[in-house]
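Below, chain A is the first sequence line, B the second, and so on; all start at residue 1.
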Amino acid sequence: MKKYSILFFSILFSLNLSAHPFYFSYAEIAYNEFCNCFEGFISLSSHDFEELLNEEKNTKTSISKAMNDSLLKKEISEILNSGLSFSAGRQEIQIQLEGYESEMNGLTRFYFKTQPFKNSEEILVEYDLFMEKYKEQQNKLTIIQRDNKETFDFLIQEKTKLITIKP
Amino acid sequence: MKLVLYISIISLFAVKVSAQKKFAQLDLELPTPNEFHNAAGAPGHNYYQQKADYKMALTIDDETQKLYGVETITYTNNSPDRLDYLWLQLDQNIYAENSDSKVIEIEKMENFKSIGDIRKKFFYYDGGFKIDYVKSTSGQQMRYAINKTMLRIDLDKPLLPNSSISFQIKWMYNINDRMAVGGRSGYEYFEKDKNYLYTIAQYFPRMCVYNDVTGWQNKQFLGTGEFTLPFGDYEVSITVPADHVVAATGECQNLDALLNIDEKKRLAQARKSDSPVIIVTQAEAELAEKTKSSKTKTWIFKATNVRDFAFASSRKFIWDAQNQNVGGKNILCMSYYPKEGNPLWERYSTKLVAHTIKTYSKYTVDYPYPVAISVHSKWIGMEYPMICFNGGRPESDGTYSEGEKYGMWGVIIHEVGHNFFPMIINSDERQWSWMDEGLNTFVQYLTEQEWERGYPSRRGPAYLIADYMRGDKKTISPIMTNSESILQFGNNAYGKPATALNILRETIMGHELFDFAFKTYCERWKLKHPTPADLFRTMEDASAVDLDWFWRGWFYGTDNVDISIDEVKYFQLNTQNPTVEKQFNKSKNENKDLFIGDERNKTSISETINEKDTTIDDFYAKRNIYAVDALDKKEYETFLAKIDAKDLELLNSNKHFYEVSFSNIGGLVMPLIMEFTFSDDSKKVIRIPAEIWRKSEEKVSKVFILDKEVISFRLDPFLETADTDLDNNSWPKKVLPSRYQLFKQQETQGNPMQRQKKLDALEK
């Protein structure tokens with residue numbers, strides 16, 4: 001029998017009737033062979049993320065305040081790590097938040113670098129950020145390797161993708 | 001390499017001829033024109049639409065948060081058809097226990113890994129309409145059947161063409177707590193002062209549209225596809241606590257009895273003012289919050305030729321208004337908001353309403369209604385005729401981020417803009433979300449840009465849609481997808497069509513042609529029911545631009561734009577003049593790259609054999625191939641005798657020829673916008689229409705004849721085509737820094753976070 005971890009936090013009930021949803025995030029990563037890591041960013045709706053922060057961490061605030069708030073930065077990192085994760089074989093590769101830019105058009109870009117990972121031809125990516133909250137969420141990730149770009153799509157029915165590292 | 005080129009032999013080189021796909025006309029996709037929707041995209045000579053008039057008496061019970069209503073509907077059948085039954089929409093039934101919307105979500109066990117997920121599954125709210133009766137005006141019960149969110153009334157006698165029927169429905173429902181249940185309407189409870197703010201919509205059984213396109217549009221409401229409604233006249237009385245202020249579709253008929261002397265004076269002043277005048281002040285609203293009247297008052301509204309009726313009610317409302325003249329007619333623009341909306345709302349809301357009404361009227365049709373209202377409603381943005389509910393709430397200390405401000409501006413412009421799409425230009429929202437959301441988002445962009453120069457619009461500019469359009473095409477729906485089945489609703493129904501229209505305006509058609517055609521569509525279909533084909537056909541009909549390829553690619557397809565520059569070949573004309581050409585070859589030879597051994601041998605070998613022995617060099621070794629001899633001159637004279645003066649001038653023009661090859665990697669054909677940077681750093685832009693792809697959809701080449709030598713080529717330099725890969729848009733190939741690299745570059749100069757830290761340290 002499978003066990004499911006039970007986390008206690010409140011969730012607002014919604015029939016997904018929000019009038020004007022965004023439901024989209026986009027990540028771009030580049031493989032850096034010198035650090036054997038990925039460098040990249042996630043672009044998402046600031047408002048959606050603040051909602052998630054409120055629900056998952058009970059933190060009611062604006063992302064823009066994270067600049068000077070180490071606790072908030074930590075919470076943001078945790079949410080990002082749970083929404084975009086990489087693994088090489090058995091190694092789970094954490095992402096480290098390096099900074100962010102909030103744009104006035106309502107989008108925020110979080111910049112990150114992953115931990116170095118062992119040489120591996122294939123990396124498993126799970127990118128289900130927002131999907132627990134918004135069933136319609138669609139995420140896209142573009143990997144840049146040696147001038148080549150490849151984009152992967154993530155939906156609630158397909159949260160993981162295997163990407164091949166081209167040394 | 002030099003080629004002999006005489007006159008204008010240069011044009012398109014079609015690399016591969018294939019069957020016409022992307023440029024095929026939309027004959028199979030579009031419905032056959034008829035007497036109701038003609039081939040030009042206008043209403044046909046027998047166009048008709050039904051009419052539904054409502055008289056309603058509504059009561060809000062503020063103690064129990066229930067809404068009671070009784071309505072008399074007069075339905076007029078203007079169609080040529082006999083109607084045996086009538087269909088009405090019961091949107092509140094989306095909250096009923098047997099609602100499809102609760103059970104149609106795809107689920108996996110991993111969706112239930114938290115107690116919150118499980119609680120959510122078992123959440124119960126007694127929603128949905130409780131219908132008391134459906135009666136004829138003579139008091140006889142009428143037979144009816146409810147199928148989830150639809151109600152069918154079976155008529156004893158068919159409703160014949162050009163005849164009307166009146167009937168009465170009584171109902172009630174428990175108003176949803178919008179903060180807990182969600183939804184486009186409902187109530188918000190303010191714990192601090194224990195008051196409610198009601199934003200009420202989709203609250204009464206509403207007639208479905210019947211027409212030549214869908215018959216009865218009785219597709220079930222699942223939550224995404226919004227509302228398809230006929231026009232009609234409304235008379236509505238709303239009974240609420242006596243200290244409530246009510247905002248509604250239409251004009252209030254009994255303000256004299258409802259407002260005090262000061263409020264009446266302020267309202268009269270607002271009607272003449274071109275800036276907001278406060279009618280109910282914050283202090284007055286705060287007083288009402290505390291005193292809480294136990295009496296009731298009835299507000300009476302009338303609205304003519306509207307597709308729906310919504311209202312808002314609260315004792316918390318601050319109310320301001322100003323006049324906006326449109327086409328010689330005065331429009332009263334108003335805002336209603338609790339103190340929690342300030343300071344943002346008092347400062348901006350009504351000004352945004354006025355600006356939106358004015359700007360949309362310029363691009364579409366003159367606003368036909370007497371009022372336009374923005375009501376504060378936490379989180380959401382939702383639209384109804386003359387009234388909309390909008391988010392944008394500052395923090396509890398009254399501060400707000402710049403993002404919150406732009407968010408509030410954007411949502412007000414968008415929702416007020418919906419007055420035009422679909423409230424006036426009344427498309428079928430249940431079927432096509434993009435027809436109102438996409439068109440509205442496009443005009444929203446134009447309106448935002450006229451509000452503030454460089455306004456950071458989220459949707460509209462082509463480059464903003466690129467991230468969505470790249471990737472696996474299986475996960476992208478065509479824009480022409482039913483509202484309920486769209487993947488990625490926001491980008492699909494809002495972003496992509498808004499971008500497409502922006503591209504039509506900026507790149508394909510130009511402002512003049514586009515604006516005329518778009519306004520023609522709006523004028524043709526104002527206060528009527530257009531279909532997608534009416535838009536597609538009108539835009540062509542009014543502009544003489546064949547756009548079938550564009551509609552096919554952007555609206556029926558899922559391809560993305562990714563056009564690459566593959567190769568550039570450089571040519572110059574051979575003048576045939578031996579003096580010029582031999583000198584050119586000599587210079588070329590002298591300037592060619594020198595092998596290192598040849599260079600070193602110049603000094604390391606003091607003398608070669610043929611330098612020592614003069615008998616070694618023969619005719620070939622001694623001749624000067626760059627010298628112009630008499631034979632060369634004679635041949636040139638013969639050539640000159642055959643060529644006319646104009647051709648000679650062209651040969652001597654020193655033009656530079658560049659053959660550039662392009663690939664259509666993404667599949668979506670677009671114009672080629674080429675920027676040339678010359679050796680003197682000057683630039684030139686040449687635009688080639690998308691029809692260059694009409695005979696070869698994957699690869700084309702084009703020769704550009706230029707006066708100056710080009711040092712670099714760039715495709716789509718103004719980011720106007722939504723190209724998803726800019727790295728292959730340059731020649732010589734230029735790899736652009738990734739956004740991460742750009743961020744790191746900024747960081748080294750000190751990002752805002754670091755700057756703030758330095759500032760804090762300095763202040764300490």
(message) Need one label for B/E395: side chain, backbone, both or neither, based on atoms under 4.5 Å from any heavy atom in chain A.
(response) side chain
(message) With a sphere of 6.0 Å drawn around CD of A/E92, does it hold more than 12 non-hydrogen atoms of other residues, nucleotides or ligands?
(response) no
(request) Not counting sequence neighbours, which residues clear salt bridge (Lys or Arg N to Asp or Glu O under 4.0 Å) with B/K473? List them please. (result) B/D559
(request) Using the test salt bridge (Lys or Arg N to Asp or Glu O under 4.0 Å), find all partners of B/R458 that sit at least two apart in sequence or belong to another chain. (result) none
(request) Write down the atom of A/F24, the atom of B/Q488, and the distance for their closest heavy-atom approach. (result) CB-OE1, 3.3 Å
(request) Kindly give the heavy-atom pair with the smallest separation between B/Y740 and A/F41, and that separation in Å. (result) N-CD2, 4.3 Å
(message) Report which part of B/Y468 has an atom under 4.5 Å of a heavy atom belonging to chain A: side chain, backbone, both, or neither.
(response) both
(request) Find the distance between CG (B/D472) and NZ (A/K161) and round it off to the nearest 0.5 Å. (result) 6.0 Å
(request) Look at the side chain of B/D467 and the backbone N and O of A/Y26, then say whether any donor-acceptor pair between them is shorter than 3.5 Å. (result) no
(request) Using non-hydrogen atoms and a 4.5 Å limit, figure out which bit of B/T475 sits close to chain A: side chain, backbone, both or neither. (result) both
(message) Please classify the contact of A/K159 with chain B as side chain, backbone, both or neither, using a heavy-atom distance under 4.5 Å.
(response) side chain
(request) Would you give the length of the straight line joining atom CH2 of B/W379 to atom NE2 of A/H47, rounded to the nearest 0.5 angstrom? (result) 8.0 Å
(message) The test is side chain to side chain contact (heavy atoms under 4.5 Å, CB included); show your working for B/D727 and A/I144 and say whether it passes.
(response) CA-CA 11 Å; B/D727 284 351; A/I144 306 169; 5.6 Å; no
(request) Against chain B, label A/T142 side chain, backbone, both or neither, depending on which of its atoms sit under 4.5 Å from a heavy atom there. (result) side chain
(request) Just give me the residue among B/G471, B/P456, B/S457 that pairs up with chain A most often, heavy atom to heavy atom, under 4.5 Å. (result) B/P456
(request) Examine distances only and state if a side-chain atom of A/Q138 and a backbone atom of B/L487 form a donor-acceptor pair shorter than 3.5 Å. (result) no
(message) Quick check on B/K474 against chain A: is it the side chain, the backbone, both or neither that has a heavy atom closer than 4.5 Å?
(response) neither
(request) Nearest 0.5 Å please: distance from the CD atom of B/E404 over to the CD atom of A/E50. (result) 7.5 Å
(request) Give, as side chain, backbone, both or neither, the part of A/Q157 having an atom under 4.5 angstrom from any heavy atom of chain B. (result) both
(request) Using non-hydrogen atoms and a 4.5 Å limit, figure out which bit of B/I486 sits close to chain A: side chain, backbone, both or neither. (result) neither
